[in-house]
Peer 1: 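This is the structure I want to talk about, given as C-alpha cells.
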Protein chains: 2
Amino acid sequence: MSQRVTILDVAADADVSIASVSAALNGRPGVSKDTRARIIQSAERLGWVPSVRGRGLSGKRSYALGLVLARQPEVIESDPFFAGFIAGVEGELQSRGYALVLQLAGRNEGPDRYRQLHLDHRVDGVFITDMSVDDPRVALVTELGLPAVAINSGPGCAITSVRQDQNAGFGELVRRVVELGHRDIAHVAGRRGMIHTRQRIDVWRSTLHAAGIRPGSLVYGDFSTESGSRAADRLLSGPGPAPTAVVCANDLMAIGFIARASSLGYDVPRDVSVTGFDGIHLGRYIRPALTTVVTSPRELGAEAAKTLLKLVDGQAVADLDIAPTHLLERDSLLAPMR
Amino acid sequence: MSQRVTILDVAADADVSIASVSAALNGRPGVSKDTRARIIQSAERLGWVPSVRGRGLSGKRSYALGLVLARQPEVIESDPFFAGFIAGVEGELQSRGYALVLQLAGRNEGPDRYRQLHLDHRVDGVFITDMSVDDPRVALVTELGLPAVAINSGPGCAITSVRQDQNAGFGELVRRVVELGHRDIAHVAGRRGMIHTRQRIDVWRSTLHAAGIRPGSLVYGDFSTESGSRAADRLLSGPGPAPTAVVCANDLMAIGFIARASSLGYDVPRDVSVTGFDGIHLGRYIRPALTTVVTSPRELGAEAAKTLLKLVDGQAVADLDIAPTHLLERDSLLAPMR
DNA sequence: CTGAAAGCGCTTACAG
DNA sequence: CTGAAAGCGCTTACAG
C-alpha cells in the first residue's frame, strides 16, 4: 500500500548522507546539533522507522528475544506464571524496540528449539524457564555462545540467573501447618527432575525434621490439576490413615486434590487441610479459598528481560534475586480436628 | 562462538554459485538433480541454516506473524483461549520456518502495536483476536495493507476471518436451562463493546423469547472472575427475588459468581444454577463442576495460522468456519427447586 | 542448467 | 562534523 520510506528518503529530505541519518537517529556522536534536529524532523515528517530487518542484517542482531515453553498446553492454560512472566518481559522489551518470539514445545523438544532459534539468527538471547536438574539447555546455550538468562535455576547454575527465593515462603507455609497442630503432613510434589520439585521436597522434609516430625507420604504429580486429583486418590482412599494436611507443590494440583477429596467424601479443610503454591488468581475463588505461597512471575519477567538485554549488549551482569515469596493464608488450612 | 557459516561457505564447498545454493535449498527450479543433491549435502555437512535476517531483507519478508493481546494480565492468566490458540498457531508455523511474535498491550493500545509491528517490518501478517464492534484494527490493517486474519469476527467483517460458531452452542445451553424448568434466567455478560458479548446477549434474549419467557436481569462484567463475583452481589443480594439460573458469558465469571453466591449463603445449584462458557480445564474441578459450552481455541489457532500464511503468500483465501461449540453439562446446572 | 551482479535497508569503519 | 563506500546474508532477475 503505502510506499515504503527508507533511510534514503530521509537523507534526501534532510539533505545529508544516510550515515548521518543513522548516527542521528541512534544518538551516536558525530552529528552537529542542528543537523541532528533537521534529520529527526525529516524522519518524523516522513514517518520513518528504521527497518528491523536492515538494521538486523548490518548490526548482526535480530532485536528479538526468545522464550520456549515446554509444558503441556493444559498446564500453560491455567498457570499464572506464563502470562505474568510474559507481561513482565514485554514491559521491558517494548520501549527498547525488542520483540518477544514465543514458541511452545513438546517435552524434550526444548533444546532443539533453542538451537534452531539461534541458527536462524532469529533471536539475540533466550530465557530459560522451568528448569530441570542438569538442564541440557544450560550446556547448549553455553556451547552456542547464545546469551541466556535462567529463571529460578538452582544454586551454582552456569548461566546468569534471576531468581525468586521460594524456599523461605514454602518453609513458612510448612511451619505454619505444623504450628496449627498437624503431625501427619503429606506432600504432593511436582514433576520429577524439575529443580523446584526437588527444592520443595527438601524444604518440606527439612522443615518437618527441624520440628521433630516425621515427614508423611510423598506423592509425585506433574503440576496438572488432574495429577492433583490422582494424588488425592492415592492419599485418601488407601488402607492407611489419611494425612491431616497435604501441602501441594502448586495451586493447580491443590485444586485437583480438593476436588477429588470432596468427591471422596472428605470435607476440606475440616477433614484434611490442603495448601498450594503460586498464588494463582483463581485460588481466591475456589471453595475453600486456597492457602498458598504467592510468587511474582511478572516481576521475574521484568528483571529477567532487563538482565538479558544487558547480556546481549555485552555487559557483565550478576545474578539477581527479587523479593521472596510469601505465605497467603486462606480457608483451606485449618487446625486438625482429630 | 562457532564461526558463522553462510551461503558462501556452502557454495564454495559444493563448488557452485550462491544462486544455485539458494535455488536448491528453496526447492526452486533451475538446478539439476545432481547439483541439488551435492548442495544439500554440503549444507547439511556444514550445518547451514539460511539466516532469516538475510533472507528477510532480500525477500522483503520477516518470516514472522504477530499477535497482540490486549487483555488484563489477570484474565490472560486463567483464560484458556490464550494458551490454546498459541499452541495451535505454533504447530502450523514451526514447520514453515515462521515464528510468532507476541505482544501484550494495555486497553486501546492494540492498534498502535499492530502499526508498529508493521512499520518495523517485524511481521508479515497479524492475528486479530478479542474483536470489538467496529474494531479499529480492521480499518488499520486494511489501510496498511497488512495481511490479517480476524478470529471470531462478526458477520460481514472486512478482513478474512476464521470463526467457531458460538451461538449454536450457547443457544443449546439456554434452551437446556429452559427445558429444566427455569423461568427466571439472568445473564452475566462480558465487556461491553466486544462482539461475543453482543452475540451472547442476543442469543440469550432470542432463545428465551422463542420459548415465550421474558429475559431476566442482565448484568455486565468484564470476563474477569472478580466481575463475576460482583455480578453475584448485584443479582443475589438485591431486594427482588433472585433468579433461579444465571448464564454467564464465560467460565471465569461463572466461577467468580459461584464463589460469591456461596459466600452469600446460596447453595449452587440447588438455590441457583450457574453456567459458564469456554470449557476451561478447571471447570471440571470446581465445586459444583461447571456446566459450560466447550470451545476449541487450539483448532482456531491452527486454522487461523494456515489462513494467514496463505494470505501472506498472496493466495486468495475464503473465510473459514471450524466445527461449532457444544454444550457440556455438569453439576452446576439443575432443575429449579422453587 | 549455472553464474555474475544488483539490491534489500541498514551500520560502521574510513576519509576528508 | 560529514560523506562515500563496503558489508551484513540472502533472493532475484538477467545473461550465458
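Chain letters run A, B, ... following the sequence lines, proteins first, then strands; residues in each count from 1.
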Peer 1: Give a yes/no on whether any side-chain N or O of B:Arg55 is located under 4.0 angstrom from OP1 or OP2 of D:dT11.
Peer 2: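 The answer is yes; a side-chain N or O of B:Arg55 sits under 4.0 Å from OP1 or OP2.
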Peer 1: Could you tell me how far apart B:Leu119 (CG) and C:dC10 (P) are, to the nearest whole angstrom?
Peer 2: 12 Å
Peer 1: Report yes if a side-chain nitrogen or oxygen of B:Thr35 is closer than 4.0 Å to either non-bridging phosphate oxygen (OP1 or OP2) of C:dC1; otherwise report no.
Peer 2: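 No, B:Thr35 has no side-chain N/O under 4.0 Å of OP1/OP2 on C:dC1.
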Peer 1: From CZ of B:Arg61 over to P of D:dT11, roughly how many Å is that when rounded to an integer?
Peer 2: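 After rounding, the reported distance stands at 12 Å.
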Peer 1: Once you round it to whole Å, what is the distance between P of C:dG7 and CD1 of A:Ile7?
Peer 2: 18 Å
Peer 1: Please check the phosphate of D:dG3 (OP1 and OP2 only) for any side-chain N or O of A:Ser17 closer than 4.0 Å.
Peer 2: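 So the side-chain polar atoms of A:Ser17 do come within 4.0 Å of the phosphate oxygens OP1 or OP2 of D:dG3, strictly under.
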Peer 1: Quickly work out the B:Arg53 CZ to C:dC8 C1' distance and round it to whole Å.
Peer 2: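 For the pair B:Arg53 CZ and C:dC8 C1', the rounded distance is 15 Å.
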Peer 1: Of all the heavy-atom pairs spanning B:Arg36 and B:Gly27, show the shortest one and how long it is.
Peer 2: NH1-CA, 3.5 Å
Peer 1: Both distances below 3.5 Å, Watson-Crick or wobble geometry, any strand: find the nucleotide opposite D:dA13.
Peer 2: none
Peer 1: Just to be sure I understand the rule, does A:Val52 reach a base, reach only the sugar-phosphate, or reach nothing, if contact means heavy atoms closer than 4.0 Å?
Peer 2: nothing
Peer 1: Side-chain contact test, heavy atoms from C-beta onward, threshold under 4.5 Å: evaluate it for A:Leu65 versus A:Glu92 and give yes or no.
Peer 2: no
Peer 1: With a non-hydrogen cut-off below 4.0 angstrom, is A:Val21 in contact with a base, only sugar-phosphate, or nothing?
Peer 2: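 Here A:Val21 touches no strand at all.
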Peer 1: So, does B:Glu303 use its side chain to make a donor-acceptor pair with the main chain of B:Ile322 at under 3.5 Å?
Peer 2: no
Peer 1: Which of these nucleotides, D:dA5, D:dC10, D:dA13, is closest to any side-chain atom of A:Ile18?
Peer 2: D:dA5
Peer 1: Is there a side-chain contact between A:Met131 and A:Asn152 (heavy atoms, below 4.5 Å)?
Peer 2: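 Not in contact.
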Peer 1: C:dT12, OP1 or OP2 - any side-chain N/O from A:Arg28 closer than 4.0 Å?
Peer 2: yes
Peer 1: Rounded to whole Å, how long is the line connecting atom CG of B:Leu57 with atom P of C:dT11?
Peer 2: 11 Å
Peer 1: At under 4.0 Å, does any side-chain N or O of B:Ser22 touch on OP1 or OP2 of D:dT11?
Peer 2: yes
Peer 1: Got A:Asp124 and A:Pro147 here, is their nearest side-chain heavy-atom distance under 4.5 Å?
Peer 2: no
Peer 1: If you only use heavy atoms from C-beta on, which nucleotide in C:dG9, C:dT2, D:dA5 is closest to the side chain of A:Ser51?
Peer 2: C:dG9
Peer 1: Does B:Ser58 contact C:dG7 through a side-chain donor or acceptor facing the base, at a distance under 3.5 Å?
Peer 2: yes
Peer 1: Could you please name the partner base of D:dA4, counting Watson-Crick and G-U wobble pairs only when both distances are under 3.5 Å?
Peer 2: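 By the stated definition (distances under 3.5 Å), nothing pairs with D:dA4.
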Peer 1: At under 4.0 Å, does any side-chain N or O of B:Ser20 touch on OP1 or OP2 of C:dT2?
Peer 2: no
Peer 1: C:dG9 P sits how many Å from A:Tyr63 OH, rounded?
Peer 2: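 Distance check: A:Tyr63 OH to C:dG9 P gives 17 Å.
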Peer 1: CG of B:Asp9 versus P of D:dC8: gap in Å, rounded?
Peer 2: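 Distance, rounded to whole Å: 11 Å.
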Peer 1: Mind checking B:Leu8 for me? I need base, sugar-phosphate or nothing, with any heavy atom below 4.0 Å counting as a touch.
Peer 2: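 B:Leu8: no heavy atom of the nucleic acid under 4.0 Å.
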Peer 1: With DNA chain D as reference, determine whether A:Pro29 or B:Asn26 sits nearer its 5' end, using the nearest nucleotide of each.
Peer 2: A:Pro29
Peer 1: Contact between A:Ile86 and B:Leu104 at the side-chain level, heavy atoms closer than 4.5 Å - yes or no?
Peer 2: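 Answer yes - side chains close enough.
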Peer 1: Should B:Ser32 be listed as having a side-chain N or O under 4.0 Å from OP1 or OP2 of C:dT2?
Peer 2: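 Checking C:dT2 against B:Ser32, a side-chain N or O does come within under 4.0 Å of OP1 or OP2.
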Peer 1: Whole-Å distance between C:dC10 C1' and A:Leu25 CG?
Peer 2: 11 Å
